[in-house]
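The structure under discussion appears below in the form of structure tokens.
Sequence lines set the chain letters: A, B, ... in the order given, protein chains first and strands last, and positions in each chain run from 1. Just so it is clear, the model here is predicted, and its values are computed rather than measured.
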Amino acid sequence: MGLHAPALEERSAPVHEARGQRTEGQAREMVDAHGARRYTASPMNERDALLAWFDANARDLPWRRTRDPYAIWVSEVMLQQTRVETVLRYYERFLARFPDAHALASASEDDVLSMWSGLGYYRRARLLHAGVREVVASYGGRVPDDATSRRALPGVGRYTAGAIGSIAFDREEPLVDGNVARVLSRLRGIDTPLGRRDTEARLWDEAEKVVRGPRPGALNQALMELGATVCTPSSPKCLSCPITRSCVALASDRTDVLPVAKARRAPREVAMVAVVAHDAQGRAMMVRGEKALFGGLWGVPMREGRGAKTAREALREHAIDARLTREPAGHIEHVLTHRRLDVEVFVARLSSASAGTASASAGTGARAVGADDLASVGVSTLTRRILEMSDLTISRFQR
DNA sequence: AAAGCGTGGAC
DNA sequence: TGTCCAAGCTT
């Protein structure tokens, strides 16, 4: 009947909330001779089936080992539009450096961005920083358990507010992320395009209905976990799904067409020039961009356009006195969600008069960054690639 | 309210 | 190769 999960080869670590009460909603579990967990498929509603499945199959993730609202907040921001496997490389290091709200609030933005370097969507880090500073300033460093106050924090949208509320505070607050949208679209047979007003309203409405009851944090995570591991975008593993009984998409054979994705815009091609102006010690001049793209990060002078002339303009824009040493070192294709950057990389040698001195760029905020400094400044992956191509002590630039 | 914002993994 | 898209938010 496909109503129960496959026996597990090995016990995955069940995750129980610290205050999670195992009450009426709990599935009856049995452990067979091989130690594998099964759960009965008998009269269980969706919530109970989801919770039982989650208890047996939840991945053991570091942010599931805490109920600290701050830590959960950090994880949720990192996970925005970012895969679990990627976040794993950042989360614990970030928390080790900024163990609580006060630590993060008192850190410089450079420090925060250096910890975020490579993770992408850097505005997240700046908003998290601002949000945590507000929590320290207005709430004594405690993340507000009041939903309205939480939602008003910078960088905390509807999803993140619901995640913190349900997971950290055990509140019956709904959340809809990409996973939940897919699961609920299929479960309820919602066939209007994602992103449309009515679709979103319907999804949040369904999410709110589902989350009502015991263990809202586990329930929300169960929906996301199911979407991430079973109810996947392509080839969903319906044989392993605990809630096939009520799935409209499965019943109507539409798992492959739901949800209906919104149309995507083609990325815009952008020709750019980057200049690695270095001194004799191999330090490269870097500037901080405040524009939307890579805002707050350090990078080598860059400019839209092509050729040596554009490269010199990029240097002049930052009052950097350097001489282009050769033909372009090469091209880098860097693909973002909405742009495809074709970056022509030039190398330039700082003039001896200005090399290594603050006067090299007085007033423009440019600074010489060496390999040893790179770990402490926020740079994009594109910048790392540019430095790599420029042939400057590559290995020492690695993260 | 549609567009902009990074990166990397899967197929 | 290209395409999709992942625990979204802001303007």
Less than 4.0 angstrom between a side-chain N/O of [X] and OP1 or OP2 of [N], yes or no?
| X | N | answer |
| --- | --- | --- |
| A:Arg339 | B:dC5 | yes |
| A:Arg182 | C:dA6 | yes |
| A:Tyr122 | B:dT7 | yes |
| A:Arg265 | B:dA3 | yes |
| A:Arg197 | B:dA1 | yes |
| A:Thr381 | B:dT7 | yes |

### Task
Compare the minimum distances between each of C:dC5, B:dG9, C:dT10 and the side chain of A:Arg89, then state the nucleotide with the smallest one.
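In terms of side-chain proximity for A:Arg89, the closest of C:dC5, B:dG9, C:dT10 is B:dG9.
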
### Query
Of all the choices, C:dA6, B:dG8, B:dC5, which nucleotide is nearest to the side chain of A:Pro233 once you look at every atom?
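So the nucleotide nearest the side chain must be C:dA6.
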
### Query
So how far is it from A:Arg202 CZ to A:Leu184 CG, rounded to the nearest 0.5 Å?
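Between atom CZ of A:Arg202 and atom CG of A:Leu184 there are 9.0 Å.
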
### Query
How far does NZ of A:Lys237 sit from SG of A:Cys231, to the nearest 0.5 angstrom?
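The NZ atom of A:Lys237 sits 10.0 Å away from the SG atom of A:Cys231.
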
### salt bridge (Lys or Arg N to Asp or Glu O under 4.0 Å) against A:Asp111, all qualifying residues, sequence neighbours excluded
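A:Asp111 satisfies salt bridge (Lys or Arg N to Asp or Glu O under 4.0 Å) with A:Arg97 once adjacent residues are dropped.
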
#### Entry: salt bridge (Lys or Arg N to Asp or Glu O under 4.0 Å) partners of A:Arg188, counting only residues at least two apart
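By the salt bridge (Lys or Arg N to Asp or Glu O under 4.0 Å) rule, A:Arg188 matches A:Glu46, A:Glu206.
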
### Given DNA chain C, 5'-ward residue of the pair A:Val84 and A:Gly155, judged by closest heavy atom
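Between the two, 5'-proximity favours A:Val84.
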
### Message
Both A:Trp63 and A:Leu127 contact DNA chain C. Taking the nearest nucleotide for each, which residue is further toward the 5' end?
### Response
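It is A:Trp63, whose closest nucleotide lies nearer the 5' terminus.
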
### Query
Which ones in residues 288-295 of chain A lie close to DNA chain B, meaning a heavy atom under 4.0 Å from one of its atoms?
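Under 4.0 Å from DNA chain B: A:Ala292, A:Leu293, A:Phe294.
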
### Task
Name every residue in residues 330-338 of chain A that has at least one heavy atom under 4.0 Å from any atom of DNA chain B, in order of residue number, or write none if there are no such residues.
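Contacting residues: A:His334, A:Val335, A:Leu336, A:Thr337, A:His338.
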
### Query
Under 3.5 Å, is there a donor-acceptor pair between the A:Gln80 and A:Thr160 side chains?
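Result is yes, a qualifying pair exists.
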
### Query
Closest nucleotide of DNA chain B for A:Leu382 versus for A:Ser234: which of these residues is on the 5' side?
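Its nearest nucleotide being more 5', the pick is A:Leu382.
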
### Message
On DNA chain B, does the nearest nucleotide to A:Gly120 precede the nearest nucleotide to A:Glu85 from the 5' side, or the other way round? Give the residue.
### Response
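Taking each residue's closest nucleotide, the earlier one in sequence belongs to A:Gly120.
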
Using atom [atom1] of [X] as one end and atom [atom2] of [N] as the other, report the distance to the nearest whole Å.
| X | N | atom1 | atom2 | answer |
| --- | --- | --- | --- | --- |
| A:Glu200 | B:dA1 | CD | C1' | 13 Å |
| A:Tyr159 | C:dT10 | OH | P | 14 Å |
| A:Met78 | B:dG8 | CE | C1' | 16 Å |
| A:Leu79 | C:dC5 | CG | P | 19 Å |
| A:Arg340 | B:dG8 | CZ | C1' | 14 Å |
| A:Arg385 | B:dT7 | CZ | P | 9 Å |
| A:Gln81 | B:dG4 | CD | P | 16 Å |
| A:Arg150 | C:dC9 | CZ | P | 13 Å |

### C:dC9 base / A:Arg123 side chain donor-acceptor hit below 3.5 Å
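Donor-acceptor pair under 3.5 Å: yes.
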
### Message
Measuring only between side-chain heavy atoms, which start at C-beta, is A:Leu104 closer than 4.5 Å to A:Asp100?
### Response
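A side-chain contact is absent here, since even the closest heavy-atom pair is not under 4.5 Å.
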
Taking any heavy-atom pair under 4.0 Å as a contact, classify [X]: base, sugar-phosphate, or nothing.
| X | value |
| --- | --- |
| A:Arg264 | base |
| A:Ser75 | nothing |
| A:Thr160 | sugar-phosphate |

### Message
Which residues end up grouped with A:Val260 if you chain together Ile, Leu, Val, Met, Phe, Trp and Tyr wherever their side-chain heavy atoms are less than 4.5 Å apart?
### Response
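Members alongside A:Val260: A:Val257, A:Leu258.
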
### Message
Running the 4.5 Å side-chain criterion over Ile, Leu, Val, Met, Phe, Trp and Tyr, what cluster does A:Val136 land in, apart from itself?
### Response
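Cluster partners of A:Val136: none, it stands alone.
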
### Passing candidate, side-chain hydrogen bond (donor to acceptor under 3.5 Å, both in side chains) with A:Trp298, options A:Asp110, A:Thr383, A:Asp373
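Going through A:Asp110, A:Thr383, A:Asp373 one by one, the side-chain hydrogen bond (donor to acceptor under 3.5 Å, both in side chains) with A:Trp298 is satisfied by A:Asp110 alone.
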
### Message
Would you measure the distance from the P atom in C:dT11 across to the matching atom in B:dG6 and give it in whole Å?
### Response
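These two P atoms come out 14 Å apart once rounded.
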
### Task
Classify the ring geometry between A:Phe294 and A:His334 as parallel (under 30°), tilted (30 to 60°) or perpendicular (over 60°).
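Ring orientation of A:Phe294 relative to A:His334: tilted.
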
### Task
Tell me whether A:Met115 is reachable from A:Tyr70 by hopping between hydrophobic residues (I, L, V, M, F, W, Y) whose side-chain heavy atoms are closer than 4.5 Å.
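Yes, it is one cluster - the side chains of A:Tyr70 and A:Met115 are joined through contacts under 4.5 Å.
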
